[in-house]
Amino acid sequence: MFILFVLLGYLGLQVINRQFLPYVSLIGCGYILYIAWKVAKAKVQVNDASADASLSFFDGLFMQLLNPKALVATLPIATIQFPSADITGAAIVFWSLILAILAFGAPTSYSLAGLVLGKQVSRTGVFNVFNKLMAVLLVYVALMIAYEHVLTPRQDHYKLNL
């Protein structure tokens with residue numbers, strides 16, 4: 001996550017003109033809404049097959065770098081939130097590190113939740129409820145980004161007239 005945040009953070013500064021930030025934000029909102037729709041409509045299938053869980057550090061690194069979910073999580077933050085909050089230069093590295101540390105806690109919490117919830121989580125109905133909840137949260141995020149960065153951007157940014 002740290003690598004993606006840093007790369008996308010610096011790339012966002014070079015590629016995205018502040019004048020176009022509301023438009024990029026609007027496109028990002030549309031993308032997040034699309035993901036929410038796909039998650040809400042996803043059909044869950046639970047398999048009992050076990051897989052070999054032994055992975056090296058580099059296996060995990062490449063899986064994370066190529067994981068579309070990691071890109072979905074880091075892209076809006078690094079290309080919309082960082083520039084709109086004037087996070088530039090060394091601050092990109094600092095905030096990328098903080099966010100990567102927070103992201104590190106997610107797999108740990110998933111593992112602990114798996115231990116506690118066990119068989120309940122392996123039921124298809126539970127996954128469907130999680131998907132619906134995730135879709136609602138994604139819609140909320142898209143609406144918040146639209147409100148803050150498209151409809152009412154900070155005074156020092158160009159406002160998108162809809």
For residues 130-144, please give each side-chain donor-acceptor pair under 3.5 Å, one per line with the distance, not counting sequence neighbours.
unit_1	atom_1	unit_2	atom_2	d
K132	NZ	A40	O	2.5

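- Hydrophobic clustering, defined by side-chain heavy atoms of Ile, Leu, Val, Met, Phe, Trp and Tyr closer than 4.5 Å, leaves V129 isolated from every other such residue.
- Taking 4.5 Å as the limit, some side-chain heavy atom of F2 sits within range of a side-chain heavy atom of V93.
- Exactly one of V150, L26, I32 qualifies for a side chain to side chain contact (heavy atoms under 4.5 Å, CB included) with I145. That residue is I32.
- Scanning both residues, A78 and P83, for their nearest heavy atoms gives O-CD, 3.5 Å.
- Y31 and Y34 have parallel rings, their planes meeting at less than 30° on a 0 to 90° scale where 60° marks the start of perpendicular.
- Remark: the backbone N or O of Y147 is paired with a side-chain donor or acceptor of T152 at under 3.5 angstrom.
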All N/O donor-acceptor pairs, side-chain side in residues 94-105, below 3.5 Å, sequence neighbours left out:
unit_1	atom_1	unit_2	atom_2	d
S96	OG	V6	N	3.4
S96	OG	I92	O	2.6

